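Please read these numbers as outputs of a predicted model, since none were measured by experiment.
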Amino acid sequence: MNLTRHAVTLLVALIASTVTPRLYAQVRIAVVDLQRAMNETEDGRAAKRRLEGIFRNRQAQLDRAQEDLKRMKTEIEQQRDVLSREALEGRVEAYQKALIELQSQYVEFQQELAEREAELTKRILDRMQDILRRMGQAQGYTLILERNEGGVVWV
């Protein structure tokens with residue numbers, strides 16, 4: 001879908017540039033690497049540090065929960081012959097419940113991280129697009145394309 005839209009945009013730009021020789025002489029196209037700009041700007045690096053901090057915190061929580069699960073499993077295996085059937089079933093059920101909770105927590109953390117990344121990235125990209133729009137107007141560009149996605153940033 002995006003590829004088709006971008007291809008049509010490029011085709012229209014190329015057709016328009018060949019129809020009128022004067023228009024062809026005035027066509028200026030720029031290509032920007034927004035991903036690289038995100039990685040090299042202070043805002044981008046700050047956002048990345050913030051995300052890494054959140055990730056480390058969440059990963060530590062998951063690691064602790066996983067260690068607790070390992071301990072529970074080891075205790076169940078060690079006490080298998082000592083515990084009554086009801087007590088063993090109760091511990092196995094508690095272990096399974098804790099495992100499901102850990103899996104659910106992992107999914108929640110992944111979603112949270114993705115949402116935070118999108119939120120931080122959107123702010124930076126909005127500012128970059130505003131800057132690119134102003135540069136495009138001031139420097140007379142006809143079209144500004146994004147290198148990695150191939151999308152039109154400004155026309």
Side-chain angles (χ1 to χ4, degrees), residues 1-13 28-139 141-155:
M1 175 77 177
N2 281 341
L3 183 59
T4 304
R5 187 179 83 211
H6 301 307
V8 169
T9 304
L10 284 174
L11 183 61
V12 169
R28 291 186 64 191
I29 298 175
V31 178
V32 296
D33 188 342
L34 291 178
Q35 188 62 46
R36 181 176 175 200
M38 288 276 294
N39 291 333
E40 293 181 4
T41 62
E42 186 54 42
D43 287 345
R45 288 191 296 264
K48 188 174 182 178
R49 283 191 302 270
R50 195 174 308 150
L51 287 171
E52 287 171 350
I54 292 169
F55 175 79
R56 280 192 302 273
N57 182 26
R58 300 299 188 247
Q59 188 62 49
Q61 290 176 4
L62 291 172
D63 290 345
R64 285 191 298 274
Q66 191 171 12
E67 287 300 317
D68 290 345
L69 275 175
K70 286 180 183 178
R71 269 193 297 281
M72 286 177 75
K73 185 176 181 181
T74 301
E75 288 174 4
I76 290 170
E77 289 171 353
Q78 290 173 348
Q79 298 174 353
R80 179 165 295 226
D81 297 331
V82 178
L83 295 173
S84 68
R85 181 177 173 178
E86 293 81 24
L88 182 61
E89 287 175 357
R91 291 215 179 160
V92 168
E93 186 177 315
Y95 171 79
Q96 290 173 342
K97 186 177 179 180
L99 178 61
I100 291 169
E101 187 176 314
L102 175 63
Q103 291 169 337
S104 172
Q105 192 176 33
Y106 173 77
V107 170
E108 287 174 23
F109 288 164
Q110 289 294 93
Q111 289 174 342
E112 177 192 5
L113 195 61
E115 288 170 5
R116 294 291 295 270
E117 181 179 20
E119 174 188 312
L120 293 171
T121 301
K122 182 178 180 343
R123 285 188 219 151
I124 295 168
L125 286 175
D126 287 346
R127 279 191 293 211
M128 285 182 180
Q129 286 184 332
D130 185 52
I131 291 168
L132 290 170
R133 179 187 51 78
R134 285 186 275 141
M135 286 176 61
Q137 290 172 342
Q139 297 179 14
Y141 284 101
T142 306
L143 180 69
I144 299 177
L145 300 172
E146 204 288 319
R147 178 180 180 208
N148 297 314
E149 300 291 324
V152 175
V153 177
W154 181 80
V155 175

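By the 4.5 Å heavy-atom criterion applied to side chains, Q61 and F109 are counted as neighbours. Two residues are said to be in side-chain contact when any heavy atoms from C-beta on lie closer than 4.5 Å; R133 and I144 fail this criterion. Contact of the L113 side chain with the I54 side chain is registered, since non-hydrogen atoms from C-beta on lie closer than 4.5 Å. Side-chain contact between K73 and Y95 is present, with heavy atoms from C-beta onward closer than 4.5 Å.
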Report the C-alpha separation of K48 and L120 in whole Å, then their side-chain angles, then the decisive distance to 0.1 Å, and conclude whether the side chain to side chain contact (heavy atoms under 4.5 Å, CB included) test is met.
CA-CA 9 Å; K48 188 174 182 178; L120 293 171; over 6 Å; no
Go through the steps for R58 and E112 under the test side chain to side chain contact (heavy atoms under 4.5 Å, CB included), then give the verdict.
CA-CA 10 Å; R58 300 299 188 247; E112 177 192 5; 2.8 Å; yes
Any chance you could lay out the salt bridge (Lys or Arg N to Asp or Glu O under 4.0 Å) test for E119 and R123, step after step, and finish with the verdict?
CA-CA 7 Å; E119 174 188 312; R123 285 188 219 151; 2.8 Å; yes
Test L132 against L34 for side chain to side chain contact (heavy atoms under 4.5 Å, CB included), laying out the working first.
CA-CA 10 Å; L132 290 170; L34 291 178; 3.8 Å; yes
R80/E77 under salt bridge (Lys or Arg N to Asp or Glu O under 4.0 Å): CA gap, chis, key distance, verdict
CA-CA 5 Å; R80 179 165 295 226; E77 289 171 353; over 6 Å; no
Go through the steps for D43 and M38 under the test side chain to side chain contact (heavy atoms under 4.5 Å, CB included), then give the verdict.
CA-CA 8 Å; D43 287 345; M38 288 276 294; over 6 Å; no
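At a threshold of 4.0 Å, the pair R49-E52 does not count as salt-bridged, since none of the basic side-chain nitrogens sits closer than that to a carboxylate oxygen. Between R64 and D68, none of the side-chain N atoms (NZ, or NE/NH1/NH2) sits under 4.0 Å from a carboxylate O, so this pair counts as no salt bridge. Between E75 and R71, none of the side-chain N atoms (NZ, or NE/NH1/NH2) sits under 4.0 Å from a carboxylate O, so this pair counts as no salt bridge. Note on R45 versus E42: salt bridge recorded, some NZ/NE/NH1/NH2 to OD/OE distance being below 4.0 Å.
Listed by chain and residue number, E89 satisfy the side chain to side chain contact (heavy atoms under 4.5 Å, CB included) test with R85 (two or more places apart in sequence, or in another chain). With sequence neighbours left out, the side chain to side chain contact (heavy atoms under 4.5 Å, CB included) criterion links E101 to no other residue.
Residues M72 and A98 approach most closely at SD-CB, 4.2 Å, considering heavy atoms. I124 approaches A47 most closely through the heavy-atom pair CD1-CB, 3.9 Å. Taking each heavy atom of L102 and Q66 in turn, the nearest pair found is CD2-CA, 4.1 Å.
If you take CG on L99 and CD on Q96, they are separated by 8.0 Å, rounding to the nearest 0.5 Å. Here the CD1 atom belonging to I131 is positioned 8.5 Å from the CE atom belonging to M135, to the nearest 0.5 angstrom. In this structure, CG on L125 lies 12.5 Å from CG on D130, to the nearest 0.5 angstrom. A distance of 7.0 Å separates OG1 in T121 from CG in L51, rounded to the nearest 0.5 Å.
In this structure, S104 contributes its side chain and I100 its backbone to no donor-acceptor pair below 3.5 Å.
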